[in-house]
Amino acid sequence: MYYKKITSSLSNYEEIKTLYIQSFPENERQPFDTLFTSKKIEGYAFYEKETFYGLAIIACANQIAHIIYLCVKEEARNKGYGQMILKHITKIKEGYPIIVDIEEVYDDNEIKKKRKCFYLKNGYYETSIRYTWQKERYEILSTEKDFTREDFIKFWDALGFIV
């Protein structure tokens, strides 16, 4: 598996954009074409041979990498591509704590449970950080066992957002 930085000049840019739109609810998405105008947001498309399998969009600030979007094409799910993408992200952001927010598991939603298990199985740890955004409850998982709320706030401050 290999990756390319997402730019509008990629030959499969529209395919990448379509996967993004199909994978995330409208209230959780930012306009795709403007996502990469900030130097603090990076997007990566992942391929095996010439076939596109998934994407990751990462915000970087205050020496922290935050996976804000990660998805794998439906036909490629449960085949190890998500795990390979996480390994690439770890290499791309070597030396950075990596965080991800997931919908909080507060009910018997199997998709939420599977998503959390996926990250925990791949070296992420639970934190005590919880928040609500767009009427959904989220929790932060991190590659660092001791990632704190203060670290989280400093990250968003460095991005220019008030938490």
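- Closest approach of E48 and Y81 over heavy atoms only: OE1-OH, 2.9 Å.
- Note: T51 OG1 to M1 CE = 10.0 Å, rounded to the nearest 0.5 Å.
- Taking the six-membered ring wherever Trp is involved, the centroid distance between the rings of F46 and Y53 does not fall below 6.0 Å.
- Counted within 6.0 Å of CD on E26, heavy atoms from surrounding residues, nucleotides or ligands total 12 or fewer; the atom is thus considered open.
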N/O donor to acceptor pairs below 3.5 angstrom from side-chain atoms of residues 58-67, sequence neighbours left out:
none

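- The backbone N or O of V72 sits less than 3.5 Å from a side-chain atom of R77, completing a donor-acceptor pair.
- Taking the six-membered ring wherever Trp is involved, the centroid distance between the rings of Y131 and F152 falls below 6.0 Å.
- The other residues sharing a hydrophobic cluster with F32 are Y2, I6, L10, Y13, I16, L19, Y20, I21, F24, L35, F36, I41, Y47, F52, L55, I57, I68, Y69, where clustering joins ILVMFWY side chains under 4.5 Å apart.
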Salt bridge (charged side-chain N to carboxylate O under 4.0 Å, His left out) between K73 and E15: does it pass, once the steps are laid out? CA-CA 10 Å; K73 291 175 77 172; E15 179 185 19; 2.9 Å; yes
With side chain to side chain contact (heavy atoms under 4.5 Å, CB included) as the test, would you mind laying out the steps for I98 and Y124 before giving the verdict? CA-CA 9 Å; I98 302 170; Y124 286 71; 3.3 Å; yes
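- Judged by the 6.0 Å and 45° rule, K93 forms a cation-pi pair with Y96.
- Note: L70 CG to S23 OG = 9.5 Å, rounded to the nearest 0.5 Å.
- You'll find the side chain of F118 reaches within 4.5 Å of the side chain of L86, heavy atoms only.
- E104 pairs with exactly one of K112, K116, R137, K113 by the salt bridge (Lys or Arg N to Asp or Glu O under 4.0 Å) rule, that one being R137.
- With sequence neighbours excluded, the residues satisfying side-chain hydrogen bond (donor to acceptor under 3.5 Å, both in side chains) with N122 are Q83.
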Steps toward salt bridge (charged side-chain N to carboxylate O under 4.0 Å, His left out) verdict (K145, E126): CA-CA 8 Å; K145 285 183 181 180; E126 292 181 277; over 6 Å; no
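- No more than 12 heavy atoms of other residues, nucleotides or ligands lie within 6.0 Å of CG in D108, so this atom counts as exposed by the packing criterion.
- Proximity of a side-chain donor or acceptor of T132 to a complementary backbone N or O of K135 within less than 3.5 Å is not detected.
- Note that the CG atom of N109 and the CZ atom of R115 stand 8.0 Å from one another [nearest 0.5 Å].
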